[in-house]
Amino acid sequence: MATQPITQDFPRLPHAFFCRPAEVVAPELIGCRLVKRQTDGSLLWGVIVETEAYSQDDPACHGYRRRSPQNETLFGKPGRFYVYVSYGIHHCVNVVTDRADWANGVLLRAVALPDEPERIAAGPGLLARRFGLDRCDDSRPVTGEHDVWMAPRSDTFASQDLVTTTRIGISQGAPTPWRWYLRSSRSVSRRARGDRMPPKAQCWAPSLESSS
């Protein structure tokens, strides 16, 4: 299991990290870690390997047309989770970015977990399910004030090659190249056309040592 004792060092990303436009924050979240403190005191964690950015002036954004009780968190202060239900079935986990009163956020599309199946969180719905995140986590801070937070890249996460490509599952704003993923990861939800899955012997994968 991808767990560590509570004494393991997973420092919190500072609030200022999220006070920037989504298209700036999204690629910088690749390699950062999503961490959850479990009831037994252990930490479930994984490395973010795929993200998408959305902004209020983007027709694919939930806040493009109007502000509502359902998307209110997206218009709030940066550094909070925005969790919504897609197609009435799957939860999708986002991080609010930029500034208050401007809908702006990053969708967490895929996470790689150490010592677990490589595609256990390869997609927004799978990610939310593995970490047990739902609408109850909506508007909660990502900076360590509750039991789920975002941690920086580990010291052992070397500079990696990112793919910049178009977003998935949208009808408007589809040509905008606001999706990023770690090319060497096999945990990405969907690869860009022509980008082949790396062989296991050549792929990047998290390890328990990468948390130090």
Side-chain angles (χ1 to χ4, degrees), residues 1-54 71-84 91-116 120-121 124 126-157 160 180 182 187 206-212:
M1 299 288 289
T3 57
Q4 285 285 9
I6 198 168
T7 54
Q8 186 67 39
D9 184 22
F10 285 92
R12 282 65 167 165
L13 280 169
H15 180 263
F17 180 92
F18 303 98
C19 298
R20 300 174 295 160
E23 67 270 24
V24 176
V25 176
E28 293 189 16
L29 277 175
I30 304 295
C32 292
R33 294 163 291 175
L34 180 62
V35 188
K36 180 176 183 178
R37 181 181 293 112
Q38 302 188 109
T39 55
D40 64 357
S42 64
L43 298 182
L44 173 69
W45 66 277
V47 177
I48 299 166
V49 295
E50 184 182 1
T51 58
E52 286 180 343
Y54 291 89
N71 64 20
E72 179 63 29
T73 299
L74 193 58
F75 286 88
K77 295 180 180 179
R80 294 181 178 274
F81 285 115
Y82 167 51
V83 184
Y84 66 87
H91 287 91
C92 295
V93 181
N94 302 256
V95 180
V96 180
T97 54
D98 205 351
R99 63 189 188 274
D101 299 317
W102 178 253
N104 205 261
V106 176
L107 171 64
L108 306 182
R109 282 204 59 91
V111 166
L113 289 86
D115 299 333
E116 294 204 23
I120 196 169
L126 293 172
L127 185 159
R129 183 187 305 170
R130 182 64 190 91
F131 280 85
L133 303 177
D134 56 27
R135 286 284 293 167
C136 292
D137 296 288
D138 182 63
S139 82
R140 288 180 173 175
V142 304
T143 47
E145 290 82 354
H146 84 304
D147 58 2
V148 184
W149 69 92
M150 312 285 291
R153 295 170 176 172
S154 70
D155 293 339
T156 57
F157 187 88
Q160 300 283 339
W180 294 266
L182 185 63
S187 300
S207 67
L208 293 178
E209 289 73 26
S210 70
S211 61
S212 59

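Source: prediction; values computed, not measured.
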Residues forming a ring-ring contact (aromatic ring centres under 6.0 Å, His included) with Phe17, sequence neighbours excluded: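 With sequence neighbours excluded, Phe17 shows a ring-ring contact (aromatic ring centres under 6.0 Å, His included) to no residue whatsoever.
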
Partners meeting ring-ring contact (aromatic ring centres under 6.0 Å, His included) with Phe18 (sequence neighbours left out):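 By the ring-ring contact (aromatic ring centres under 6.0 Å, His included) rule, Phe18 matches no residue at all.
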
Pairing of Glu145 and Arg140 as salt bridge, 4.0 angstrom limit: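 Judged by the 4.0 Å cut-off on N to carboxylate O distance, Glu145 and Arg140 do not form a salt bridge.
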
Are the side chains of [X] and [Y] in touch, meaning some heavy atoms are under 4.5 Å apart?
X: Met150; Y: Val95; result: yes
X: Leu44; Y: Glu116; result: yes
X: His146; Y: Asp137; result: yes
X: Leu34; Y: Leu127; result: yes
X: Leu13; Y: Cys32; result: yes
X: Asn94; Y: Val83; result: no
X: Cys19; Y: Arg99; result: no

Trace of the side-chain contact (heavy atoms from CB on, under 4.5 Å) decision for Val93 with Phe81: CA-CA 7 Å; Val93 181; Phe81 285 115; 3.6 Å; yes

Residue from Val25, Val24, Asn104 passing side chain to side chain contact (heavy atoms under 4.5 Å, CB included) with Asp98: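 The side chain to side chain contact (heavy atoms under 4.5 Å, CB included) with Asp98 is passed solely by Asn104 among Val25, Val24, Asn104.
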
From [atom1] ([X]) to [atom2] ([Y]), nearest 0.5 Å:
X: Trp102; Y: Leu74; atom1: CH2; atom2: CG; result: 11.0 Å
X: Tyr84; Y: Leu107; atom1: OH; atom2: CG; result: 5.0 Å
X: Arg33; Y: Ile48; atom1: CZ; atom2: CD1; result: 10.0 Å
X: Ser187; Y: Ile120; atom1: OG; atom2: CD1; result: 10.0 Å

Could you tell me which non-hydrogen atom of [X] sits nearest to which non-hydrogen atom of [Y], and how far apart they are?
X: Arg80; Y: Ser139; result: NH1-O, 2.7 Å
X: Ala112; Y: Val49; result: CB-CG1, 4.0 Å
X: Phe157; Y: Gly31; result: CZ-CA, 3.6 Å
X: Pro11; Y: Pro152; result: O-CD, 2.9 Å
X: Val96; Y: Gly76; result: CG1-O, 3.8 Å
X: Val47; Y: Pro206; result: CG2-CB, 3.9 Å

Steps toward side-chain contact (heavy atoms from CB on, under 4.5 Å) verdict (Phe131, Leu108): CA-CA 12 Å; Phe131 280 85; Leu108 306 182; over 6 Å; no

Val142 and Trp149: CA distance, side-chain angles, deciding distance, side-chain contact (heavy atoms from CB on, under 4.5 Å) verdict: CA-CA 4 Å; Val142 304; Trp149 69 92; 5.7 Å; no

Check: Thr51 side chain, Ala26 main-chain N or O, donor-acceptor pair, under 3.5 Å: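 Yes; at least one donor-acceptor contact below 3.5 Å.
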
Parallel, tilted or perpendicular: ring planes of Phe10 versus Trp45, cut at 30 and 60 degrees: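 Because their plane-to-plane angle lies in the 30° to 60° range, the rings of Phe10 and Trp45 count as tilted.
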
side-chain contact (heavy atoms from CB on, under 4.5 Å) assessment of Leu29 paired with Val106: CA-CA 9 Å; Leu29 277 175; Val106 176; 3.9 Å; yes

Qualifying side-chain hydrogen bond (donor to acceptor under 3.5 Å, both in side chains) pairs, either residue in residues 11-23, two or more places apart: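 Every side-chain hydrogen bond (donor to acceptor under 3.5 Å, both in side chains) pair that includes a residue of residues 11-23, provided the two are not neighbours, is Arg20-Glu28.
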
